[in-house]
Amino acid sequence: MNNKWILFTLAIYLLLGLMACADDIVESPVSFEATPYVFSYGSLPTPDIPSDNKLTDQGVKLGRMLFYETLLSKDNTQSCASCHQQKDGFSDLNRFSKGVEGQFGDRQAMPIFNLAWHYNGFFWDGRAQKLRDQALMPIQDPLEMNETMTNVISKLNNEKKYKDQFKRAFVNATIDETNISLALEQFMHSIVSHDSKYDKYLAGKEKLTEAEERGRLLFFTEFDVTGKVKGAECFHCHAGPNFTNDEYMNNGLDNDANFTDLGRARVTKINEDNAKFLTPSLRNIALTAPYMHDGRFKTLEAVIEHYDLHVKNSSTVDFLMQYNLQPGGLKLTSENKSDLIEFLKTLTDQSLVTNTAYAKPN
Ligand code: HEC
Ligand code: HEC
């Protein structure tokens, strides 16, 4: 063997060695690495994150990948984000959302934010007790993504990025129903809205305009039968930091004869719950038209008209609607109405729609 040949052989060995090393780096086994996910929630109370599913960077990331994943649907065209769009406050501007089979449901999509402060069930009728239970329902709903969990799991198993991310996020590294639901729960819990103009006003950082301030007073004032003080009575039900009391109520949309959707009673099977629906948060309300469980009102103006003059009496209408039900209703002037809307608009948090932490991952 001449020297040249020896050098050549050595060079080949060296090259192979380097390639092996490079291979090692690429294929270095991904492992479980749970680092706590840190997020701020302003002046909202401490969020109710379940102790068995604390948020980790890796779990939230996985949940976010899944939230934007079309493989979760039967024909691989629809993701959660198709009906829960970030630019619309994670809701759907269509009255009823279209599923993969081209069929429509009969309820308006609900926005997704501050779900860690929901203490009394999910969906308009509260049929899911925990967010993790909720998360698997749209996947299997024939009117929504219409896919089986078996298919979802096998599709995700074919994707290296998911195999890796499940390893990073969960000790048992398994792509299964439980881990899919836990990851989606983590991502949805991470979507927090606490930086509206109204929050800044409460923190003393911003002032309300005169119209917004008049609207704020109307919102938080009781109806006065003597007519001396104007009050629109909104705060009893749209209460607390998220503008909801987390109760199922009937705000007078229909009389008994027109109860087409029995709402809470579909779950509890008791007549007292007929046509009761979860009081929705009013945060970001200007972003999430149309309104009510069936999206019947296109605008906030129409919502205010309803509360002022068109509340219907029925066997389950809430007693707080007693003044709305009187002839002449809340007796709001057109200025009162536009002031109320100006106030509602201060509940919009632009950072919710622009925060890249909630956007489609690359
Ligand atoms: C075809 C449209 C559509 C798709 C796809 C969809 N949703 Fe929804 N979502 C809705 C509608 C409509 C509702 C209200 C349904 C009801 O109350 O009966 C809703 C309600 C919810 C709620 C309840 C929020 C609350 O305040 O109680 C959550 C959470 C949610 N969806 C998460 C998801 C997740 C996670 C996915 C993906 C796995 C998903 N959605 C896919 C339309 C959709
Ligand atoms: C008796 C309790 C109650 C009172 C008082 C009340 N609301 Fe509501 N509000 C509800 C309930 C319950 C719903 C959902 C009803 C449904 O969809 O069937 C709702 C829905 C809404 C919606 C639509 C939310 C969405 O996401 O579609 C807006 C906006 C709203 N209310 C604003 C107001 C304003 C403004 C006032 C005061 C004028 C007010 N509410 C007074 C209980 C109440």
Side-chain angles (χ1 to χ4, degrees), residues 85 87-97 107-111 113 124 193 196-198 201 208-224 227 229-239 242-244 249-255 258 260-261 275 277-314 317-318 320-350 352-353:
Q85 299 205 22
K87 69 174 176 54
D88 306 319
F90 288 99
S91 73
D92 188 352
L93 296 186
N94 296 307
R95 180 170 181 187
F96 300 122
S97 311
R107 294 208 179 134
Q108 229 280 292
M110 304 171 86
F113 57 80
W124 284 106
S193 176
S196 63
K197 177 169 187 184
Y198 181 65
Y201 155 80
L208 298 185
T209 65
E210 282 175 19
E212 290 164 350
E213 173 59 13
R214 288 193 301 265
R216 186 185 74 81
L217 289 172
L218 279 165
F219 188 93
F220 287 106
T221 305
E222 286 189 354
F223 183 82
D224 174 23
V229 189
K230 284 276 182 179
E233 288 269 350
C234 313
F235 71 108
H236 286 300
C237 308
H238 298 286
N242 280 310
F243 295 85
T244 167
M249 303 185 112
N250 177 345
N251 65 344
L253 294 174
D254 296 301
N255 50 33
N258 292 322
T260 44
D261 185 338
F277 294 87
L278 192 66
T279 305
S281 168
L282 296 184
R283 283 183 176 272
N284 302 301
I285 195 70
L287 299 174
T288 64
Y291 302 110
M292 306 299 167
H293 68 272
D294 56 3
R296 67 176 66 188
F297 299 131
K298 286 198 184 82
T299 60
L300 287 172
E301 283 76 5
V303 171
I304 304 294
E305 279 306 309
H306 159 73
Y307 282 114
D308 186 31
L309 286 169
H310 303 295
V311 169
K312 312 270 188 322
N313 205 354
S314 69
V317 71
D318 199 87
L320 286 165
M321 293 278 112
Q322 59 183 314
Y323 302 116
N324 310 61
L325 280 164
Q326 282 173 4
L330 293 176
K331 304 191 171 64
L332 300 176
T333 64
S334 54
E335 189 193 53
N336 292 156
K337 292 176 195 174
S338 65
D339 289 347
L340 263 173
I341 292 169
E342 286 307 302
F343 171 66
L344 292 176
K345 287 182 182 163
T346 70
L347 305 181
T348 301
D349 173 5
Q350 280 305 328
L352 175 72
V353 293

Asks: What I want to find out is whether Asp339 reaches Lys230 closely enough, with some N-O distance under 4.0 Å, to be called a salt bridge.
Replies: no
Asks: Hey, is Glu212 close enough to Lys345 for a salt bridge, meaning N to O under 4.0 Å?
Replies: no
Asks: Given Thr288, which of Ser281, Pro280, Ser91 fulfils the side-chain contact (heavy atoms from CB on, under 4.5 Å) condition?
Replies: Ser91
Asks: Between Lys337 and Asp308, does any side-chain N to carboxylate O distance fall below 4.0 Å?
Replies: yes
Asks: Taking atom CG of Leu330 and atom CG of Asn324, what is their separation to the nearest 0.5 Å?
Replies: 4.0 Å
Asks: Is the closest side-chain heavy-atom distance between Arg283 and Asp349 below 4.5 Å?
Replies: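 No, too far: nothing below the 4.5 Å cut-off.
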Asks: Should Thr299 and Glu305 count as side-chain neighbours, where that means a heavy-atom distance under 4.5 Å?
Replies: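 With C-beta onward as the side chain, the pair stays apart.
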Asks: For Ser196, does its backbone N or O pair with a side-chain atom of Tyr201 as donor and acceptor, under 3.5 Å?
Replies: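 No; judged by distance alone, with no hydrogens or angles, the pair does not exist.
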Asks: Distance check, rounded to the nearest 0.5 Å: Glu213 atom CD versus Thr346 atom OG1?
Replies: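 With rounding to 0.5 Å, CD (Glu213) is 10.0 Å from OG1 (Thr346).
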Asks: Verify the ring-centre separation between Tyr323 and Phe223: is it less than 6.0 angstrom?
Replies: yes
Asks: Just by modelled atom types, is the Thr244 backbone N or O under 3.5 Å from a matching donor or acceptor in the Asn242 side chain?
Replies: no
Asks: Using a 4.5 Å cut-off on heavy atoms from C-beta on, say whether the side chain of Val303 contacts that of Arg296.
Replies: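 No, too far: nothing below the 4.5 Å cut-off.
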Asks: Closer than 4.0 angstrom, basic N to acidic O: yes or no for Arg214 and Glu342?
Replies: no
Asks: Report the C-alpha distance between Lys312 and Leu253 in whole Å, list the side-chain angles of each, state the deciding distance to 0.1 Å, and finish with yes or no for side-chain contact (heavy atoms from CB on, under 4.5 Å).
Replies: CA-CA 6 Å; Lys312 312 270 188 322; Leu253 294 174; over 6 Å; no
Asks: Looking at CG of Asn255 and CG of Asn313, how far apart are the two atoms once the value is rounded to the nearest 0.5 Å?
Replies: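 So the CG of Asn255 and the CG of Asn313 are separated by 8.5 Å.
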Asks: Classify the angle between the aromatic ring planes of Phe277 and His293 as parallel (below 30°), tilted (30 to 60°) or perpendicular (above 60°).
Replies: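 Phe277 and His293: parallel rings.
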Asks: Classify the ring geometry between Phe220 and Phe343 as parallel (under 30°), tilted (30 to 60°) or perpendicular (over 60°).
Replies: perpendicular
Asks: Can you say whether the rings of His238 and Phe219 are parallel (under 30°), tilted (30 to 60°) or perpendicular (over 60°)?
Replies: tilted
Asks: Looking at Gln108 and Asn94, would you say the former's side chain and the latter's main chain have a donor-acceptor pair under 3.5 Å?
Replies: yes
Asks: Name all residues meeting the salt bridge (Lys or Arg N to Asp or Glu O under 4.0 Å) criterion together with Glu233; count only those two or more places apart in sequence or in a different chain, and write none if there are none.
Replies: none
Asks: Testing the 3.5 Å rule here: is there a donor-acceptor pair between the side chains of Thr348 and Asn284?
Replies: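 There is no such pair (donor and acceptor under 3.5 Å, judged by atom type) between the side chains of Thr348 and Asn284.
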Asks: Taking Arg95 for its side chain and Phe297 for its backbone only, find out whether a donor-acceptor pair lies under 3.5 Å.
Replies: no
Asks: OH/Tyr307 to CG/Asn251 distance, rounded to the nearest 0.5 angstrom?
Replies: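 Going from the OH atom of Tyr307 to the CG atom of Asn251 covers 4.0 Å.
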Asks: Would you give the length of the straight line joining atom CG of Leu93 to atom CG of Leu287, rounded to the nearest 0.5 angstrom?
Replies: 9.0 Å
Asks: Measure the spacing between CE of Met321 and OG of Ser314 and express it to the nearest 0.5 Å.
Replies: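 Going from CE on Met321 over to OG on Ser314, the span is 11.0 Å.
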Asks: Are Arg107 and Asp261 ion-paired here, with the side-chain N under 4.0 Å from a carboxylate O?
Replies: yes
Asks: Where the side chain of Asp88 meets the backbone of Phe90, is there a donor-acceptor pair that is under 3.5 Å apart?
Replies: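 Absent.
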